[in-house]
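I have placed the structure first, in the form of structure tokens, so that the comments after it can refer back to it.
As a basis for the values below, the full set of heavy atoms in this structure was taken, side chains included, without hydrogen atoms, waters or symmetry mates.
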Amino acid sequence: MASGSIRERKTKKGTSYQLTIEAGVDPITGERIRQYKTFKGTRKQAEKELSRLIQEMENGTCVTQASPVSLTNWMKQWLELYCINIEGTTRHNYDVIIRNHIEPFHIGKLPLKSLRNTHIQEWVNALVDMNLRAKTIRNSFICLKSALSKAVTLKMISY
């Protein structure tokens, strides 16, 4: 259950409010997740905005700001934490995909929350340019898609 608080901040430009939303615990680091938002208006309006943000969080329509983990690091953690019930060969193949087809590329260094569809398409194009077999590219994409789907479930990214 999300909770929040409001802190009044007086500056030369006037009064604003810092809204703090507690969103639980980061599944990767174990640290509390907090979102901050500065709001200008009256205290009553700030209270309404805080209620709206908490409601979004509880409905699952708000993305929490988890740690700025890179795609490569997320995929390694995903493999270690969430792929414990897969076959040994599949697990080995995913590890090889992460090491050989994700980590060395630009996409692997990007923060997870900065990843866009164009980055994924550029990565697929780079794999094609390497003359990899279609099945290898498809398996790499499936591995990436599975890891990103789990990140969506954990609300680390929106889609």
Side-chain angles (χ1 to χ4, degrees), residues 1-84 94-95 97-129 137 140-159:
M1 175 133 183
S3 63
S5 63
I6 300 175
R7 187 176 114 205
E8 187 174 336
R9 301 172 80 190
K10 294 191 180 205
T11 63
K12 292 178 183 177
K13 294 182 180 180
T15 302
S16 65
Y17 296 93
Q18 181 182 33
L19 309 179
T20 305
I21 300 106
E22 297 279 339
V25 178
D26 187 324
I28 296 169
T29 64
E31 295 177 4
R32 292 190 313 187
I33 300 171
R34 291 186 182 135
Q35 283 188 289
Y36 299 96
K37 181 176 181 182
T38 300
F39 183 82
K40 293 185 181 193
T42 67
R43 177 146 186 115
K44 192 170 187 173
Q45 290 171 329
E47 290 170 357
K48 284 184 180 180
E49 179 67 8
L50 180 64
S51 295
R52 186 187 67 76
L53 292 171
I54 289 172
Q55 188 67 34
E56 279 185 6
M57 183 109 14
E58 290 176 352
N59 290 339
T61 57
C62 179
V63 176
T64 58
Q65 294 177 355
S67 59
V69 63
S70 71
L71 177 62
T72 299
N73 289 340
W74 163 244
M75 290 192 70
K76 288 178 181 178
Q77 292 166 353
W78 163 77
L79 184 62
E80 182 181 318
L81 296 173
Y82 301 104
C83 296
I84 56 175
Y94 282 180
D95 186 49
I97 288 168
I98 293 167
R99 280 186 288 113
N100 294 341
H101 300 145
I102 304 276
E103 192 170 13
F105 291 87
H106 173 69
I107 193 172
K109 295 166 187 62
L110 287 174
L112 186 59
K113 63 183 178 181
S114 299
L115 189 63
R116 300 288 177 258
N117 290 337
T118 54
H119 298 125
I120 295 170
Q121 187 60 55
E122 289 168 356
W123 169 71
V124 169
N125 293 346
L127 295 178
V128 170
D129 290 344
I137 296 169
S140 298
F141 182 79
I142 289 169
C143 178
L144 176 65
K145 184 178 177 184
S146 296
L148 293 177
S149 293
K150 188 61 176 181
V152 169
T153 302
L154 296 173
K155 296 185 174 96
M156 296 173 73
I157 55 175
S158 59
Y159 63 94

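- The salt bridge (Lys or Arg N to Asp or Glu O under 4.0 Å) analysis of residues 68-77, with sequence neighbours excluded, yields the pairs Lys76-Glu103.
- The two residues Leu50 and Leu19 have their closest heavy-atom pair at N-CD1, 4.1 Å.
- Nearest heavy atom pair, residue Ala147 against residue Trp74, reads O-NE1, 3.0 Å.
- For Lys37, the salt bridge (Lys or Arg N to Asp or Glu O under 4.0 Å) criterion is met by Glu49, not counting sequence neighbours.
- Side chains of Asn117 and Gln121: no donor on one and acceptor on the other come within 3.5 Å.
- The shortest non-hydrogen separation linking Ile98 to Met75 is CD1-O, 3.6 Å.
- Of the inter-residue distances, the one linking Lys150 atom NZ with Met156 atom CE reads 11.0 Å to the nearest 0.5 angstrom.
- Atom OG1 of Thr72 sits about 12.0 Å away from atom CZ of Arg99, to the nearest 0.5 Å.
- Separation of atoms CD1 (Ile54) and CD1 (Ile21) is listed at 6.5 Å; rounding is to 0.5 Å.
- Atom OG1 in Thr20 sits 7.5 Å away from atom CD in Glu22 (nearest 0.5 Å).
- Listed by first and then second residue, the side chain to side chain donor-acceptor pair (under 3.5 Å) pairs involving residues 6-19 are Arg7-Gln18 (not counting sequence neighbours).
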Can you check side chain to side chain contact (heavy atoms under 4.5 Å, CB included) on Tyr82 and Leu154, steps first, answer last?
CA-CA 12 Å; Tyr82 301 104; Leu154 296 173; 3.4 Å; yes

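- Shown here is Glu80, whose CD atom has no more than 12 heavy atoms of other residues, nucleotides or ligands within 6.0 Å.
- In this structure, Ser114 contributes its side chain and Leu110 its backbone to no donor-acceptor pair below 3.5 Å.
- Residue Phe141 places its CZ atom among 12 or fewer non-hydrogen atoms of other residues, nucleotides or ligands, all under 6.0 Å distant.
- Within 6.0 Å of NZ on Lys109 lie more than 12 heavy atoms contributed by other residues, nucleotides or ligands.
- In this structure, Leu112 and Ile157 approach most closely via the heavy-atom pair O-CG2, 3.7 Å.
- The heavy-atom pair separating Ser140 from Leu127 by the smallest distance is CB-CD1, 4.2 Å.
- The minimum heavy-atom distance linking Val69 with Asn73 is given by the pair CG2-CB, 3.5 Å.
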